[in-house]
Amino acid sequence: MSCHHLLLLLLSVGVSAVEVTRPRGVPLSKRQFYEEDKPFTCLDGSRTIPFDRVNDDYCDCQDGSDEPGTAACPNGSFHCTNAGYRPGFIPSSRINDGICDCCDTTDEYNSGATCQNTCRELGRKEKESLQKLAEIAKEGFLLKQQLIQEAKRGLEDKKVKLADVQVSKKDLEEKVEAIRTVKETAEQPEREAKERHLKAWEDEKAAIRLEKEKARMANVFLELDDDADGFVSVAELQSHSELDPDSDGSLTEAEAQGLLGGVDKVDTVAFESVWSNIKEK
């Protein structure tokens, strides 16, 4: 239940009390325990006494329940009816102490204190206060509903804007993809031509490198063919110590034969097959 409805309920019920005959100081909720034509049993169940000893200014019950309207029991409590306002309890020690604690003045029935019943005025002020609280609660409730509606509208607006942005994003992505496709299609011939040109250039450079390598091989062959007979022999290799594979300063016959692929001599054609053994020496 909201605060607004609770306050309205309190106002509708009102704060006036209904007077029911009962011993002084007894709340309406405990009226059934105080029957004048029956013995009284202490509320803690400790003992039973004649009813005429209730409120006789002598404490018979340990819980003080036999003296609800006197100050005889130190642990007793007095119920203020406070008709027109809220009922309440005060310690029994404050009964007839010359100070008005209950707004209906019932706690000072035998003290001679001059008290004024202020319950109706207090009730009126409390009712006004409750009415103001009810109005504030109502305004707060209406404001809350207004804010909720505004938040809902704001959320819907954001959803619509988000949907628009998503549609725009999709359109842009499709346009970008279309432009990319057109660009790739337009650049395809140029790219293929460039690739062909690069390949041709690489092939040409490879051919040049091959020719240079053949020329170098031919020069080395001529340099090694000391007798210019068209063959490079083991003996001719042995005269070139720079070809020594183990760098011990002497090229043996076996080492020279190993460089020639295991034969005693090679011509220009066979020299190509052993060129890899010699060219880095």
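Not measured: the values here are computed from a predicted model.
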Side-chain contact test, heavy atoms from C-beta onward, threshold under 4.5 Å: evaluate it for [X] versus [Y] and give yes or no.
X      : Y      : value
Gln116 : Glu121 : no
Pro68  : Asn55  : yes
Lys152 : Ile148 : yes
Arg216 : Glu213 : yes

Would you say the SG of Cys102 sits less than 2.5 Å from the SG of Cys80?
yes
Regarding Cys119 and Cys103, I want to know if their SG-SG distance comes in below 2.5 Å, which is how I'm defining a disulfide.
yes
Pairwise distance [atom1]([X]) to [atom2]([Y]) - rounded to 0.5 angstrom:
X      : Y      : atom1 : atom2 : result
Thr268 : Met217 : OG1   : CE    : 8.0 Å
Leu143 : Gln145 : CG    : CD    : 10.0 Å
Lys144 : Leu142 : NZ    : CG    : 12.0 Å
Glu126 : Leu133 : CD    : CG    : 10.0 Å
Lys169 : Asp164 : NZ    : CG    : 14.5 Å
Thr41  : Asp66  : OG1   : CG    : 11.5 Å

Is a donor on one side and an acceptor on the other found under 3.5 Å between the side chain of [X] and the backbone of [Y]?
X      : Y      : result
Glu255 : Thr252 : yes
Asn75  : Gln62  : yes
Arg47  : Asp60  : yes
Ser129 : Lys125 : no
Thr105 : Cys115 : no
Asp225 : Gly230 : yes
Asp104 : Asn82  : yes

For a quick check under 3.5 Å, do Gln188 and Glu192 share a side-chain donor-acceptor pair by atom type?
yes
I'd like to know if the side chain of Ser111 pairs up with that of Glu108 as donor and acceptor (distance under 3.5 Å, no hydrogens or angles considered).
yes
Grouping I, L, V, M, F, W and Y whenever their side-chain heavy atoms are under 4.5 Å apart, do [X] and [Y] come out in a common cluster?
X      : Y      : answer
Phe78  : Leu28  : no
Val26  : Ile49  : yes
Phe231 : Leu222 : no

Restricting to side-chain contact (heavy atoms from CB on, under 4.5 Å), what partner residues turn up for Lys170, sequence neighbours left out?
Glu174
Under the rule for side-chain contact (heavy atoms from CB on, under 4.5 Å), what residues qualify as partners of Tyr109, not counting sequence neighbours?
Arg24, Thr70, Ile95, Asn96
Closest heavy-atom contact between [X] and [Y]?
X      : Y      : result
Lys30  : Tyr34  : O-CD1, 3.3 Å
Cys100 : Thr114 : SG-O, 4.3 Å
Cys59  : Glu67  : CA-CG, 4.0 Å
Glu236 : Asp227 : OE2-OD1, 2.7 Å
Ala71  : Ser93  : CB-CA, 4.4 Å
Cys42  : Ser65  : CA-OG, 3.6 Å

Check the pair Arg124, Glu128 against salt bridge (Lys or Arg N to Asp or Glu O under 4.0 Å), reporting the backbone distance first and the verdict last.
CA-CA 6 Å; Arg124 182 186 65 79; Glu128 291 176 355; 2.5 Å; yes
[X], [atom1]: over 12 other non-hydrogen atoms inside 6.0 angstrom:
X      : atom1 : answer
Glu187 : CD    : yes
Arg53  : CZ    : yes
Phe89  : CZ    : yes

Considering only NZ, NE, NH1 and NH2 on the basic side and carboxylate oxygens on the acidic side, decide whether [X] and [Y] come within less than 4.0 Å.
X      : Y      : answer
Lys199 : Asp203 : yes
Glu184 : Arg180 : yes
Lys205 : Glu202 : yes

Applying side chain to side chain contact (heavy atoms under 4.5 Å, CB included), run through Ile208 and Lys212 and close with a yes or a no.
CA-CA 6 Å; Ile208 292 173; Lys212 287 182 177 180; 3.8 Å; yes
Which is it for Thr118 and Tyr85 under the side chain to side chain contact (heavy atoms under 4.5 Å, CB included) test, yes or no, and what are the steps along the way?
CA-CA 9 Å; Thr118 59; Tyr85 188 52; over 6 Å; no
Tell me, which pairs form a ring pair (Phe, Tyr, Trp, His ring centres under 6.0 Å) where one or both residues lie in residues 209-229, sequence neighbours left out?
Phe221-Phe271
Mind running side chain to side chain contact (heavy atoms under 4.5 Å, CB included) on Glu156 and Lys159 for me, showing each step along the way?
CA-CA 5 Å; Glu156 291 300 323; Lys159 287 182 179 179; 4.0 Å; yes
Any chance you could lay out the side-chain hydrogen bond (donor to acceptor under 3.5 Å, both in side chains) test for Gln131 and Glu135, step after step, and finish with the verdict?
CA-CA 6 Å; Gln131 286 176 332; Glu135 291 173 0; over 6 Å; no
Side chain to side chain contact (heavy atoms under 4.5 Å, CB included) between Ile90 and Asp107, worked out
CA-CA 9 Å; Ile90 62 172; Asp107 61 311; 3.7 Å; yes
